[in-house]
Amino acid sequence: MTDLKLLALDADDLSIISAHMQDAVFKVGDLSFSARSGLFSLAANRFVWEKAARASKSFERRRAALSFKRVEAVRSIGFDRSKADEVMSLLAIRYLPKGEGPDGVVELLLAGGGTIALEVECIEAQLADTGGAWETTTRPEHEAG
């Protein structure tokens with residue numbers, strides 16, 4: 001399988017990235033924001049959902065980089081940013097427009113109720129696999145809400 005490379009420029013594109021990043025795990029220390037360049041990024045181990053439907057006894061995770069450009073500010077709630085080794089699980093990414101324009105808030109919703117909110121001028125996100133795949137026997141499970 002070739003490495004995944006996706007670009008999101010609107011809410012529909014972002015929902016596709018969200019689906020591919022569902023159940024990705026990362027450490028708090030893997031979050032990065034440069035106010036000067038307006039770049040927010042995170043390195044994560046994503047669960048390979050696109051292959052999971054075909055697998056029965058084993059699954060895959062891949063190292064991936066998710067970045068957002070044109071970020072004006074970052075807020076986080078529900079976890080301690082000083083605990084660099086704390087492992088977080090990403091459940092979904094959603095976009096909340098502020099009005100008629102392209103600006104809004106991109107929310108990274110985390111297991112346990114945490115959220116990372118990115119104030120953006122517009123949606124400009126990239127997801128790319130950055131390393132090889134490895135096998136896992138555990139498939140993420142979610143309770144029906």
Side-chain angles (χ1 to χ4, degrees), residues 1-53 55 58-142 145:
M1 180 177 175
T2 59
D3 290 342
L4 184 69
K5 291 181 180 157
L6 300 173
L7 175 66
L9 298 174
D10 62 27
D12 290 336
D13 294 344
L14 193 60
S15 68
I16 293 168
I17 287 180
S18 177
H20 284 283
M21 286 296 289
Q22 181 180 347
D23 299 308
V25 292
F26 61 92
K27 290 184 178 180
V28 171
D30 291 330
L31 299 171
S32 174
F33 175 59
S34 169
R36 182 179 203 156
S37 65
L39 180 67
F40 174 86
S41 63
L42 75 93
N45 299 332
R46 74 175 187 89
F47 186 81
V48 183
W49 283 107
E50 64 271 23
K51 191 173 177 182
S58 68
F59 307 98
E60 279 185 14
R61 282 200 178 267
R62 288 182 171 262
R63 192 71 173 159
L66 175 62
S67 62
F68 292 87
K69 295 179 180 177
R70 301 177 145 215
V71 178
E72 298 173 329
V74 177
R75 296 183 324 270
S76 59
I77 57 171
F79 65 96
D80 187 345
R81 291 286 311 261
S82 69
K83 295 183 179 177
D85 287 331
E86 185 173 353
V87 176
M88 309 300 292
S89 180
L90 181 63
L91 297 179
I93 303 169
R94 71 177 172 193
Y95 175 67
L96 306 169
K98 283 188 177 175
E100 295 296 319
D103 60 326
V105 178
V106 172
E107 290 185 333
L108 285 71
L109 306 173
L110 309 173
T115 301
I116 301 168
L118 311 176
E119 299 274 342
V120 297
E121 294 175 29
C122 61
I123 297 172
E124 189 173 338
Q126 291 180 295
L127 171 62
D129 288 341
T130 59
W134 62 93
E135 184 178 2
T136 179
T137 57
T138 307
R139 178 184 173 127
E141 296 286 333
H142 300 276

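Fair warning: this is a prediction, and the values are worked out from it, not measured in the lab. Throughout, residue positions are numbered sequentially from 1 according to the sequence presented.
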E119 with R75: basic N within carboxylate O range, under 4.0 Å:
yes

Are any non-hydrogen side-chain atoms of E86 and V28 less than 4.5 angstrom apart?
yes

Please say whether more than 12 non-hydrogen atoms of neighbouring residues, nucleotides or ligands are located less than 6.0 Å from NZ in K98.
yes

Between the main-chain N or O of A117 and the side-chain N or O of T115, is there a donor-acceptor pair closer than 3.5 Å?
no

Gap separating the CZ atom of R62 from the CD atom of E50, nearest 0.5 angstrom
8.0 Å

Using a 4.5 Å cut-off on heavy atoms from C-beta on, say whether the side chain of L110 contacts that of L90.
yes

Which pair of heavy atoms, one from F59 and one from R139, lies closest together, and at what distance?
CE1-CB, 3.5 Å

If every non-hydrogen atom of A125 is compared with every non-hydrogen atom of L14, which pair is closest and at what distance?
CB-CD1, 4.2 Å

Residue pair D3 / G131: nearest heavy atoms and the distance that separates them:
OD1-O, 4.3 Å

Would you say that K69 contacts Q126 through its side chain, given a criterion of any heavy-atom pair below 4.5 Å between the two side chains?
yes

Nearest non-hydrogen partners of Y95 and A11, listed with the distance:
CD2-CB, 4.2 Å

Hey, are the side chains of L6 and D13 touching, using non-hydrogen atoms and a 4.5 Å cut-off?
no

Test D129 against every option in R46, K5, R61 by the salt bridge (Lys or Arg N to Asp or Glu O under 4.0 Å) rule and name the one that passes.
R46

Residue among I123, V105, I93, V74 satisfying side-chain contact (heavy atoms from CB on, under 4.5 Å) with L118:
V74

Step by step, work out the side chain to side chain contact (heavy atoms under 4.5 Å, CB included) result for M21 and W49.
CA-CA 9 Å; M21 286 296 289; W49 283 107; over 6 Å; no

Heavy-atom closest pair, residues F47 and T138:
CE1-O, 3.6 Å

Let's go through M88 and D30 carefully: what are the C-alpha distance in whole Å and the side-chain angles of both, what is the deciding distance for side chain to side chain contact (heavy atoms under 4.5 Å, CB included) to 0.1 Å, and is it a yes or a no?
CA-CA 10 Å; M88 309 300 292; D30 291 330; over 6 Å; no

Show me the donor-acceptor pairs, under 3.5 Å and distance only, between side chains in residues 34-45 and residues at least two apart or in other chains.
from : atom 1 : to  : atom 2 : distance (Å)
S34  : OG     : S37 : N      : 3.3
S34  : OG     : S37 : OG     : 3.0
N45  : OD1    : R63 : NH1    : 2.9

All heavy atoms of S58 vs all of E135, minimum pair found to be CB-OE2, 2.8 Å

